[in-house]
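Here is the structure we will look at, set down as C-alpha cells.
Note that the structure is predicted; figures quoted are calculated from it, not measured. Values reported hereafter were calculated over all heavy atoms of this structure, with side chains retained and with hydrogens, waters and symmetry mates removed.
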Amino acid sequence: MPPTLKGRRRRSSGLQRFNPADRLPDRKCGDCIGRDAAMQGEIRNIGSGMKAVGPALTVKVPPTDNLMIHKALTLAKPGDVMVIDGGGYTSHALLGALMVHTAMAIGMAGMIVNGGIRDAAEIRELGFPLFARGVNPNGPSKEGPGEINFPISCGGRIVNPGDVIVADDDGVVVVPKGMAEKALKEVQAVIRREAERIKEIKSGIVIRRGWMIY
C-alpha cells in the first residue's frame with residue numbers, strides 16, 4: 001500500500017521583503033508580536049552564527065521517517081525555510097548532509113527540525129542554516145505517511161504555511177504571515193531606538209530615571 005501524502009499549494013503571503021539581508025534579530029521580532037513567539041529553546045542552530053529568514057514550508061512526519069521531507073524538497077522554492085515536525089523525538093535523524101546539499105542547490109534559506117539530524121560536522125562546514133532539537137546517527141525509514149503545507153506544531157508553536165521564520169543564535173521565532181509587514185516596521189524602529197540608547201549609555205547616561213516605579 002503506497003504511503004499517504006497530504007499536501008496543498010501554499011498561498012502567496014507577500015513576504016518577499018523578509019530576507020537574510022535584513023539581519024532581523026529574532027528576539028526583536030518576538031518582542032514586537034507579543035513576546036511569546038519563539039519555539040522551545042532546545043531547537044537551536046547546529047553551528048554558531050547560522051541565521052535563516054524566510055517563508056515556512058511546513059512538513060509533518062512520523063518520528064523516525066523522512067519520506068515526506070524528500071517529497072517536500074521537490075516542492076521547495078528558493079528562499080523557503082522548511083519547518084519539520086517530527087514530534088520532538090531525537091532517537092533517529094530525520095535528515096543529514098545529502099538532504100542539506102539538495103536544499104542548498106534549490107536555494108532554500110534554512111531548515112528547522114523538531115527532531116534529530118546527523119552529519120552535524122559536515123553541515124557546519126557547509127554553513128547551511130540548520131536548526132534541530134538534537135543529533136543522532138541512527139538513520140530514518142522511508143515509508144510515510146506525512147503532510148506538506150498544512151499547519152503543524154513545532155517546538156511549542158503553531159506554524160502555518162507561509163509564516164515568516166526568523167532564526168539565529170537566540171533561537172527560532174514564528175511571525176504569522178498576517179503580521180509580517182507590521183512586525184518588520186516595528187523591528188526596524190526597535191533597532192533604531194536601541195542604537196540611540198547604546199549611544200546614551202556610552203555618553204554617560206547609564207541609567208534612565210523615571211521609567212521604573214518603586
Side-chain angles (χ1 to χ4, degrees), residues 13-33 35-59 69 72-73 76-85 94-97 99-117 119-135 152 154-157 159-177 179-192 194-195 198:
S13 53
L15 304 178
Q16 64 273 15
R17 290 183 61 192
F18 280 81
N19 59 73
D22 288 321
R23 299 179 183 275
L24 295 175
D26 66 2
R27 65 174 179 82
K28 291 184 174 64
C29 285
D31 286 353
C32 290
I33 57 174
R35 301 178 185 272
D36 191 28
M39 294 183 185
Q40 293 159 348
E42 291 83 359
I43 299 179
R44 300 193 55 79
N45 50 10
I46 67 165
S48 178
M50 289 181 173
K51 299 179 181 180
V53 181
L57 169 61
T58 60
V59 187
I69 302 174
L73 285 169
K77 299 177 181 179
D80 280 350
V81 176
M82 188 179 293
V83 184
I84 302 161
D85 175 26
L94 290 174
L95 61 90
M99 298 182 92
V100 166
H101 275 286
T102 301
M104 293 177 71
I106 294 167
M108 293 177 61
M111 301 177 87
I112 315 295
V113 185
N114 188 21
I117 61 95
D119 304 325
E122 183 176 350
I123 296 169
R124 279 193 288 267
E125 290 182 4
L126 292 171
F128 180 78
L130 177 59
F131 293 67
R133 187 175 286 275
V135 178
I152 63 171
C154 187
R157 304 305 307 170
V159 185
N160 290 286
D163 285 349
V164 178
I165 303 301
V166 182
D168 61 21
D169 287 324
D170 282 341
V172 183
V173 165
V174 181
V175 181
K177 56 187 175 182
M179 301 177 67
E181 292 297 328
K182 177 177 182 289
L184 177 59
K185 293 178 182 178
E186 292 189 6
V187 167
Q188 291 171 337
V190 169
I191 291 173
R192 288 193 296 269
E194 291 192 355
I198 289 171

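Considering only heavy atoms from C-beta on, Val113 comes within 4.5 Å of Leu130 through its side chain. Contact check for Val175 versus Asp163: no side-chain heavy atoms found under the 4.5 Å cut-off. Using a 4.5 Å heavy-atom threshold, the side chains of Met39 and Ile112 count as touching. Between Asp119 and Val135, the closest side-chain pair of non-hydrogen atoms is not below 4.5 Å. Side-chain atoms of Ile43 and Cys154, non-hydrogen and from C-beta on, do get closer than 4.5 Å to each other. Annotation: side chain of Met111 is in contact with side chain of Leu95 (closest heavy-atom distance under 4.5 Å).
Taking each heavy atom of Gly79 and Pro55 in turn, the nearest pair found is O-CD, 3.5 Å. Considering all non-hydrogen atoms of both residues, Val81 and Val53 come closest at CG2-C, 4.0 Å. The minimum heavy-atom distance between Phe131 and Gly171, with the atom names listed, is CE2-O, 4.2 Å. Minimum heavy-atom separation, Val59 to Ala72: CG2-CB, 3.5 Å.
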From CA spacing to verdict: side chain to side chain contact (heavy atoms under 4.5 Å, CB included), Ile165, Val173 = CA-CA 6 Å; Ile165 303 301; Val173 165; over 6 Å; no
key: Intermediate values then yes/no, side chain to side chain contact (heavy atoms under 4.5 Å, CB included), Ile69 and Leu94   = CA-CA 8 Å; Ile69 302 174; Leu94 290 174; 4.0 Å; yes
Criterion side chain to side chain contact (heavy atoms under 4.5 Å, CB included) on Leu73 and Met108, from CA distance to verdict = CA-CA 9 Å; Leu73 285 169; Met108 293 177 61; 3.8 Å; yes
ask   = Stepwise, does the side chain to side chain contact (heavy atoms under 4.5 Å, CB included) test hold for Ile46 with Ile117?
value = CA-CA 9 Å; Ile46 67 165; Ile117 61 95; 4.2 Å; yes
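Side-chain N or O atoms of Lys177 include one that pairs as donor or acceptor with a backbone N or O of Pro161 at under 3.5 Å. Without hydrogens or angle criteria, Asn114 side chain to Asp85 main chain gives no donor-acceptor distance under 3.5 Å. In terms of modelled atom types and a separation under 3.5 Å, the side chain of Asp80 and the main chain of Met82 share no donor-acceptor contact. Between the Arg44 side chain and the Asp169 main chain, a donor and an acceptor come within less than 3.5 Å of each other.
Side-chain atoms of Gln40 and Arg157 form no donor-acceptor pair, as typed in the model, at a separation below 3.5 Å.
Every residue meeting the side chain to side chain contact (heavy atoms under 4.5 Å, CB included) condition with Leu126, not counting sequence neighbours, appears here in chain and number order: Val100, His101, Met104.
For residues 120-130, there are no side-chain hydrogen bond (donor to acceptor under 3.5 Å, both in side chains) pairs, not counting sequence neighbours.
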